[in-house]
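Order of the sequence lines sets the chain letters (A, B, ...), proteins ahead of strands, with each chain counted from 1.
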Number of protein chains: 2
Amino acid sequence: MSKAVPVDGEVDGEVVSATGVPTASAAAELPTAVTGQGVQSVDRALGILEVLARTGEAGVTEIAAELGVHKSTAFRLVATLEAHRLVEQTVDRGRYRLGVGILRLAGATTARLDLVQEARPICRQLAADTGETVNIAVLSESSALYLDQVAGSSALQPHNWVGQHIPLHATSNGKVLLSGLEESSLEAVLGTLATYTPHTITRRPLLREELERVRAQGYALAVDELEVGLTAVAAPVRNAHGDVVASMSVSGPSFRLTPERLAEVVRLVTEAAVEVSHRLGWGHR
Amino acid sequence: MSKAVPVDGEVDGEVVSATGVPTASAAAELPTAVTGQGVQSVDRALGILEVLARTGEAGVTEIAAELGVHKSTAFRLVATLEAHRLVEQTVDRGRYRLGVGILRLAGATTARLDLVQEARPICRQLAADTGETVNIAVLSESSALYLDQVAGSSALQPHNWVGQHIPLHATSNGKVLLSGLEESSLEAVLGTLATYTPHTITRRPLLREELERVRAQGYALAVDELEVGLTAVAAPVRNAHGDVVASMSVSGPSFRLTPERLAEVVRLVTEAAVEVSHRLGWGHR
DNA sequence: CGTGGTTGTTGCGCTCGACGGAACGCAGTC
DNA sequence: GACTGCGTTCCGTCGAGCGCAACAACCACG
């Protein structure tokens with residue numbers, strides 16, 4: 001198992017890439033996707049955390065096999081992790097699982113869970129890619145509250161919606177936010193469905209169908225529903241639990257967001273929303 | 001931009017001003033945390049995580065000083081942590097902070113805790129019904145550890161307590177958890193009763209009376225006891241044996257949780273806690 | 001534009017700390 | 001009671017990780 005050490009060749013450290021297959025490193029017999037270089041024992045210890053995150057529970061022998069190290073080594077590492085409360089054993093002489101220390105650390109990271117802060121660079125990129133206006137909104141008191149907006153490349157600055165409350169049933173963002181609600185709370189936030197244009201969805205059964213479609217396809221459309229000539233597409237942003245916490249949208253004049261262009265925009269906005277979700281801790285399992 | 005919503009950003013020293021009760025005369029030789037025995041490098045690496053959790057952000061030199069090791073050592077450890085996404089640097093050649101890997105792990109831990117799993121839908125419903133923030137906490141190391149949080153309908157996430165250790169005597173959750181203890185273990189977990197506001201209960205006899213009241217009425221109140229303007233009400237969650245295993249709370253600004261509204265909130269939170277208890281096997285006697 | 005102070009980053013040789021082998025105590029199970 | 005699995009402990013060895021020092025940027029002086 002001794003790995004070829006002396007000469008360290010590649011300098012680029014980027015190995016893991018979410019979907020990427022691990023690089024073909026020499027003697028890569030480890031089934032776990034742990035990074036090759038770094039402080040060995042720390043690398044292994046963190047590997048243990050990842051194993052436990054994946055399996056939920058594991059014994060020392062199992063862990064040792066997974067990492068490709070001796071039992072005693074795995075035990076020493078696990079004991080060190082336990083001293084820091086990052087793992088805990090179910091009973092004495094039992095298996096191990098992740099401990100409360102993880103939660104304490106996570107609590108410290110929530111300080112930077114500022115949605116706007118994390119989403120901004122991605123919003124900017126999305127605005128640059130599409131050339132249209134990008135918005136991010138959350139649910140607030142029976143309406144959509146726009147938290148941030150990045151203008152597109154086009155000269156004419158659209159209306160600035162930041163801080164505005166927007167009806168839920170007539171916007172793409174609103175539909176996405178509604179799609180994340182359960183049936184019970186859905187009824188609580190839905191008042192009368194006001195009519196804004198002939199295309200506004202005003203009948204509840206139709207809205208439910210639409211929300212079901214949004215859930216299924218992972219994004220929402222709104223064409224001429226709030227305002228004639230205004231088209232928008234939105235995708236959900238999820239937190240670590242998978243809840244829909246916000247919605248990210250691209251909007252612009254309908255004559256520019258033509259049906260054939262929409263497909264590409266849909267792809268971009270869903271990708272961006274997934275990226276933000278990842279930064280919020282979503283994406284395990 | 002985005003002036004409208006003051007979602008608290010990166011305030012540095014913002015971490016609970018409460019937990020750090022000045023320890024009387026703790027070991028001066030130990031640089032930071034529990035660094036007893038174990039794998040040295042792993043111990044140090046985890047120490048780095050704790051430093052970052054405490055300070056929010058830190059540079060390599062600062063970390064090295066905190067741990068009492070050489071810069072290069074700290075750098076290598078931090079680089080290893082970074083490879084696993086547990087830390088990340090703000091910009092190139094910049095300071096380090098905790099990364100999203102922590103959130104992934106945290107998500108895995110809460111997913112493993114059946115308590116959170118079972119309680120989550122009920123918490124969500126409770127948050128929707130009351131419009132306020134719902135928390136669920138357990139007893140851990142002489143303090144209340146918050147396991148989960150569901151934000152209320154108001155847009156701005158007040159403060160994310162998940163993973164934080166909160167004093168037991170100054171919170172509604174803490175009182176509920178204490179009320180489930182026996183006399184002997186009660187004395188063990190109670191240290192000095194720190195004062196946070198003029199309303200904090202700091203005298204032991206008064207606290208005992210309060211706990212007796214909590215036991216009798218089946219819920220706990222905390223108005224302006226941890227923080228002026230913060231009101232919370234909590235109810236016990238019991239397992240199949242009837243032991244208090246967790247506490248569920250609704251909290252919000254005192255101006256919104258008025259006395260006349262509290263009655264209704266008390267009813268809702270106790271009902272929700274009973275429902276969770278039932279799911280954990282309580283109630284068949 | 002230099003100059004002295006920071007930072008984070010990187011080779012390098014020495015040494016001490018982490019590693020693996022083996023043995024131990026303890027549960028179950030043929 | 002022998003067997004086989006588990007988690008745990010002890011110990012000698014050797015290579016991995018340590019501290020040193022030099023490096024490359026950056027910032028604040030003057």
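The base of D:dG17 is not paired with the side chain of B:Arg44 by any donor and acceptor separated by under 3.5 Å. In this model, a side-chain donor or acceptor of B:Ser72 finds a partner on the base of D:dG19 within 3.5 Å.
For the pair A:Arg76 and C:dC19, the criterion of a side-chain N or O lying under 4.0 Å from OP1 or OP2 is met. For D:dT8, the OP1/OP2 oxygens have a side-chain nitrogen or oxygen of A:Gln89 closer than 4.0 Å.
Of the candidates D:dA16, C:dG21, C:dT10, D:dA16 carries the atom nearest the A:Gln40 side chain, counting heavy atoms from C-beta on. Side chain of B:His70, nearest nucleotide from D:dT8, C:dA18, D:dC20: D:dC20.
B:Glu187 pairs by the salt bridge (charged side-chain N to carboxylate O under 4.0 Å, His left out) definition with B:Arg204, B:Arg208, not counting sequence neighbours. Applying the side-chain contact (heavy atoms from CB on, under 4.5 Å) rule to B:Ala273 yields the partners B:Ala235, B:Val237; only residues at least two apart in sequence or on another chain are considered. With sequence neighbours left out, B:Val274 forms a side-chain contact (heavy atoms from CB on, under 4.5 Å) with B:His278, B:Trp282.
Sorted by first and then second residue, the salt bridge (Lys or Arg N to Asp or Glu O under 4.0 Å) pairs with a member in residues 235-249 of chain A read A:Asp243-B:Arg120, A:Asp243-B:Arg124; sequence neighbours excluded.
Toward the 5' end of DNA chain D, the nearer of the two residues B:Ala74 and A:Ala58, judged by each one's closest nucleotide, is A:Ala58. Annotation: of the two residues near DNA chain D, A:Thr61 and A:Val42, the 5′-most nearest-nucleotide partner is A:Thr61.
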Item to complete: Mind running salt bridge (charged side-chain N to carboxylate O under 4.0 Å, His left out) on A:Glu66 and A:Arg54 for me, showing each step along the way?
Response: CA-CA 12 Å; A:Glu66 195 91 25; A:Arg54 185 156 31 82; 3.8 Å; yes
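Residue-level contact check: A:Thr73 touches the bases, meaning some heavy atom is under 4.0 Å from a base atom.
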Can I get a per-line list of side-chain donor-acceptor pairs under 3.5 Å for residues 174-182 of chain B, giving both atom names and the distance, sequence neighbours left out?
residue: B:Lys175; atom: NZ; partner: B:Glu210; partner atom: OE2; Å: 3.0
residue: B:Lys175; atom: NZ; partner: B:Leu221; partner atom: O; Å: 2.6
residue: B:Lys175; atom: NZ; partner: B:Glu225; partner atom: OE1; Å: 2.9
residue: B:Lys175; atom: NZ; partner: B:Glu225; partner atom: OE2; Å: 3.1
residue: B:Ser179; atom: OG; partner: B:Val176; partner atom: O; Å: 2.6

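End-to-end axis angle of the helix from C:dC1-D:dG30 to C:dG28-D:dC3, using five pairs per end and rounding to 10°, comes to 40°.
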